[in-house]
Enquirer: 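Okay, handing you the structure first.
The shown structure was predicted, so the numbers you read here are calculated from the model rather than taken from an experiment. Reckoned from all heavy atoms, side chains included, excluding hydrogens, waters and symmetry mates.
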Amino acid sequence: MPRLPLGEWVDSGVDFLQRHLSWLFDAISSLVTGMYDVVDAVLNGPEPLLLAGILAVLAWWLRGLLAAGLAFVGFALIDSIELWELAMSTLSLVLVATIVILVIAVPLGVWASRSATVSAVIRPVLDFMQTMPAMVYLIPGIIFFGVGVVPGIIATIIFALPPGVRMTELGIRQVDAELVEAAEAFGTSPRNTLLRVQLPLALPTIMAGINQVIMLGLSMVVIAGMVGGGGLGGAVYRAIGNVDIGLGFEAGVSIVILAMYLDRLTGALGRQVSPLGRRALAKAQAMSGSFKVWDHRPRPSVAVVGVVVLALVAGGMSIFGGGKSTTVAGEGDVGQGKKISMGYIPWDEGIASTFLWKELLERRGYEVEATQYEAGALYTGQANGQIDIQTDSWLPTTHASYWDKYQDRLEDMGAWYDETSLELSVPSYVKGVDSLADLKGKAGQFKGRIIGIEPSAGEMGILKDKILKEYGLEGEYKVVDGSTPGMLAELKRAYEKKEPVVVTLWSPHWAYNTYDLKKLKDPKGTWGSGDGVHTLARKGFSADNPGVAKWLKNFKMTEDQLTSLEAEIQGAGKGKEQDAVRAWLKDNPELADKWTPVSGVSKGANGKDERERPIEVAWFPWEEDIAATYLWKAVLEDRGYKMNLKQFEVGPMYTALSRGQIDVQFDGWLPNTQKKYWDKYGDKLSDLGAWYGPTSLEIAVPSYVKGVESLADLKGREDEFKGRIVGIEPGTETMNILKNKVLPGYGLDGDYKVVDSSTPGMLAELERSYAKKEPIAVMLWTPHWAYSEYELTKLEDPRKAFGEGDQIRTVANKDFPKNYPQLAKWFKDFKLSEEQLAGLENEIQKRGTGHEEEAVAAWMEKNPGIAPAIAPLSRFGGGRPRRRRPPP
């Protein structure tokens, strides 16, 4: 019988749909992406334990106190193993898919229940959808929608839709026909019969269908992870690819917790919304007799109030919290936060080169996301423009099928490694097997197996389609599909036991340094000539990123460099690839500047003009820091320097300074207020001296508040101040001193509550109260412009609970004096008087946020000698300052 070209017909149909309905797929993709982004933002916005509390309240309402406690513990466990964000992404995927399924399944099930013809037509379609292997749906999903979360959601919708339709139809058909006839006999319209009789009575069955939809959706998350769907599925996929038992178990347990939570809640919800379910529940409760505390369930109104309150708290924390820290760029911030996506196959040289370039680009100021894919998904996503770069394309042989298909939508940046080869290898203790021909007749010795890697790899296709056939090994050996880590694990196990094993390998590979192996010769040349390892980019990447494209085209690695980097990554362990890259670059310091050269990046220690190297400056929103930072920005830009300003919280700022990611900050309150940071990082920092002092911390009240002159006077007057002391940013050392030393020291900790806020929030509250002449106590410090703006009383601290006054010091990273010798000298000599600082702060305050540079320019016009005083040109060794435009 002649072969039916079914696959060719399907290919033609897919091509036709791509050509003529691409607009529809784009619209669907945009809609699904928008839904997912909204749900994901809601779930990932609040603090994890706060959202866990909301979910626990829902469980309390629907299942009881015991279920609420178990739910909270389960979600807290997910947070404790640092998989919360991935779990919420997975929950977002399942919820979006379920919503879409319900919109389709319930009407379709209703239609099928009312029409035997419709039921007969859709039944085989549903059978096809449910029995087709779920992974098959990813193929058209990738082609029509690219990689990412959308094909995962679409595949989940198709796979999980049938139970929703079937159970809806079944539930309506099972409604007692006499009830339907009675409704119709009383003149009820078909629409009302459906809505008021059939659907309410069918709800238990429909809810069971929804439960099955959700469970099937969760079973699809791993498959979605294979195409970049992210979430816990991506973690499981990485764990499978890397044979990472720990990560696989953690991600698997997290999926189980989500599944159990959703299963129990949907089951309970089905009983709540169904009249029959409520009747059965009430009967069961009546028969149980004794009341059990763990079965207590609140009234719906109480549960709703609890959820609303927690949601409002979560929303408030999201708005007023510090948010996520921004990636800090290193030398030469040419990327300025521009996003670049990278994809990789879990091959050792691919992992090494991907995380190497991730680190190099992040040091240049780019924001890089690296995601693991199957080879086919990687090439398809790149051809569709969803992935910018991949660094492990083996051409012209191994990945020839992908290149032939997509080359008109890709850019070849050239080969960064040329001397490659594909081979089968055996341990050197296996005697008499030196070439591929020697494998003939020895299948029993190797258990009839050749241990392979990822089935989508081009090398596997060559092995199965050419090597076995050419050397007559087809019926004798079976190629075991797996993964690169799986193959290496099998090699390690066999090598330790001195057992014969034949594995799929390639050169270069660190395994040849770790084990004594023989590359089996290929006298017939079936493997073909060696490939080059190429970097590929999506079409148009060079035009969008000419600098990065130039770096990639000039990139080369030697075998020693590559194998040593691979060995470093292997030694660091799974999940620590970028840490290993950083350690390797530290041992090879010249390579970063060689591979990603930036005009103007130079070292003062090398005798080059230090003005060529941009200065990374950190600041946090305290008035004196804003003033000093923008003052130095104005002066140094006149001197030919470039400054990159980045706002931080205090803790991350010191961490970045200690790592060399930030050069300098001007607001080090030492030796007291920021003592814990200096104690932790002082050996990695440089103290460039104090520019203002002494400072003081204090609680201040308006001068119209009589009889309150010291902290001791606050005792017994908490009602007058509403029991509040308005603070600034929580977690700052200032607030820690206030809460842990000052209030207990004066016996105020039981009378007053410190309101966590922010510096602008505290000042706004002070302004509001001052305008109304209301008593208020605020956390303040000297110097501060508020003392010039308002008449305030600094409360005396006779017990010295706030400690001695600080100096405001300029703190830099360890190498700063070497990299910027002239700047280090200027910063050490820098001084501002209280009058100068207060005047500058006032000018900035009057002009408002976003106009700091204008305010500094105006203040410098009033203080014309300030720039020569703090950065004298006579010490610069030549050069004229640029003329600044006068302020408006």
Enquirer: What I'd like to find out is whether the side chain of Ile351 reaches to under 4.5 Å of the side chain of Gln372, using heavy atoms alone.
Expert: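 They are not in contact (no side-chain heavy atoms under 4.5 Å apart), so the answer is no.
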Enquirer: Under the salt bridge (Lys or Arg N to Asp or Glu O under 4.0 Å) rule, collect the residues that match up with Arg173, sequence neighbours excluded.
Expert: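 Scan of Arg173 (salt bridge (Lys or Arg N to Asp or Glu O under 4.0 Å), adjacent residues dropped) gives Glu169.
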Enquirer: Val39: which residues meet the side-chain contact (heavy atoms from CB on, under 4.5 Å) condition with it, sequence neighbours left out?
Expert: Leu43, Ser92, Leu95, Val96
Enquirer: Holding to side chain to side chain donor-acceptor pair (under 3.5 Å), I want the full list of residues that pass it with Ser12, two or more places apart in sequence or in another chain.
Expert: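 Ser12 satisfies side chain to side chain donor-acceptor pair (under 3.5 Å) with no residue once adjacent residues are dropped.
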Enquirer: How long is the span from the CG atom in Leu194 to the OG1 atom in Thr188, to the nearest 0.5 Å?
Expert: 12.0 Å
Enquirer: So, do Leu70 and Met260 sit near enough that their side-chain heavy atoms are less than 4.5 Å apart?
Expert: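 Answer no - side chains too far apart.
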Enquirer: So which atom in Gln390 and which in Tyr379 form the shortest heavy-atom distance, rounded to 0.1 Å?
Expert: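 Smallest heavy-atom distance, with atoms named: NE2-CZ, 3.2 Å.
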Enquirer: Side chains of Phe75 and Leu258, heavy atoms from C-beta outward: is any pair under 4.5 Å?
Expert: yes
Enquirer: Report the residues that fulfil side-chain contact (heavy atoms from CB on, under 4.5 Å) with Met215, sequence neighbours left out, ordered by chain and then residue number.
Expert: Asn211, Leu218, Ala259, Leu262, Asp263
Enquirer: Any chance you could lay out the side-chain contact (heavy atoms from CB on, under 4.5 Å) test for Ile28 and Ile154, step after step, and finish with the verdict?
Expert: CA-CA 10 Å; Ile28 294 172; Ile154 297 299; 4.2 Å; yes
Enquirer: So, does Glu454 use its side chain to make a donor-acceptor pair with the main chain of Thr484 at under 3.5 Å?
Expert: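 Here the side-chain-to-backbone pair exists.
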Enquirer: Under the side-chain contact (heavy atoms from CB on, under 4.5 Å) rule, collect the residues that match up with Val253, sequence neighbours excluded.
Expert: Leu77, Phe249, Ile257
Enquirer: Under the rule for salt bridge (Lys or Arg N to Asp or Glu O under 4.0 Å), what residues qualify as partners of Asp26, not counting sequence neighbours?
Expert: none
Enquirer: Just to verify, what does Thr33 make a side-chain contact (heavy atoms from CB on, under 4.5 Å) with, not counting sequence neighbours?
Expert: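 Counting only residues at least two positions away or on another chain, Thr33 forms a side-chain contact (heavy atoms from CB on, under 4.5 Å) with Ser29, Asp37, Val150.
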Enquirer: Just checking Gln174: does its CD atom have more than 12 heavy atoms from other residues, nucleotides or ligands closer to it than 6.0 angstrom?
Expert: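 Counting other residues, nucleotides and ligands, CD of Gln174 exceeds 12 neighbours.
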Enquirer: Can you measure from CH2 (Trp403) to CG (Asp408) and round to the nearest 0.5 angstrom?
Expert: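 Taking CH2 in Trp403 and CG in Asp408, the distance rounds to 9.0 Å.
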Enquirer: Looking at residues at least two apart in the chain, or sitting in another chain, which of them share a side chain to side chain donor-acceptor pair (under 3.5 Å) with Asp176?
Expert: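 With sequence neighbours excluded, Asp176 shows a side chain to side chain donor-acceptor pair (under 3.5 Å) to no residue whatsoever.
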Enquirer: Got a sec, which residues hit salt bridge (Lys or Arg N to Asp or Glu O under 4.0 Å) with Asp388, two or more places apart in sequence or on another chain?
Expert: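 Salt bridge (Lys or Arg N to Asp or Glu O under 4.0 Å) check on Asp388 returns Arg538.
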Enquirer: Mind checking what makes side chain to side chain donor-acceptor pair (under 3.5 Å) contact with Arg123, not counting sequence neighbours?
Expert: Ser119
Enquirer: Please report the interatomic distance OG(Ser219) to CD1(Ile214), rounded to the nearest 0.5 Å.
Expert: 12.0 Å
Enquirer: Show the nearest heavy-atom pair for residues Ala105 and Leu161, with the distance to one decimal.
Expert: CB-CD1, 3.7 Å
Enquirer: Looking at OG1 of Thr380 and CD of Gln382, how far apart are the two atoms once the value is rounded to the nearest 0.5 Å?
Expert: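 Taking OG1 in Thr380 and CD in Gln382, the distance rounds to 10.0 Å.
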Enquirer: Between the side chain of Thr98 and the main-chain N/O of Val94, is any donor-acceptor distance below 3.5 Å?
Expert: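 Answer holds: yes.
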Enquirer: For Ile345 and His399, work out which heavy atoms get closest and say how close.
Expert: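 Answer, listing the atom of Ile345 first, then His399: CD1-CE1, 4.0 Å.
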Enquirer: Compare every heavy atom of Gly482 with every heavy atom of Pro455, then report the nearest pair and how far apart it is.
Expert: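 Distance-wise, the nearest heavy atoms are CD-O, 3.7 Å.
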Enquirer: Report, as yes or no, whether the 6.0 Å neighbourhood of atom CH2 on Trp23 holds more than 12 heavy atoms from other residues, nucleotides or ligands.
Expert: no
Enquirer: Quick check against the 3.5 Å criterion: does Thr90 have a side-chain atom that pairs as donor or acceptor with the backbone of Leu232?
Expert: yes
Enquirer: Looking at every non-hydrogen atom in both residues, tell me the closest pair between Val213 and Ala160 and how far apart they are.
Expert: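 Heavy-atom minimum between the residues: CG2-O, 3.3 Å.
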Enquirer: Mind jotting down which residue pairs meet the salt bridge (Lys or Arg N to Asp or Glu O under 4.0 Å) criterion with at least one end in residues 187-206? Sequence neighbours excluded, please.
Expert: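 Pairs touching residues 187-206 that pass the test: none.
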Enquirer: Sequence neighbours excluded, which residues qualify as side chain to side chain donor-acceptor pair (under 3.5 Å) partners of Tyr261?
Expert: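 So Tyr261 forms no side chain to side chain donor-acceptor pair (under 3.5 Å) with any residue.
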Enquirer: Between Ala383 and Tyr406, which heavy-atom pair has the shortest distance, and what is it?
Expert: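 Heavy atoms of Ala383 and Tyr406 come nearest at CB-CD2, 3.4 Å.
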Enquirer: OH/Tyr344 to CD1/Ile389 distance, rounded to the nearest 0.5 angstrom?
Expert: 15.0 Å
Enquirer: Rounded to the nearest 0.5 Å, how far apart are NZ of Lys358 and CD of Glu577?
Expert: 10.5 Å
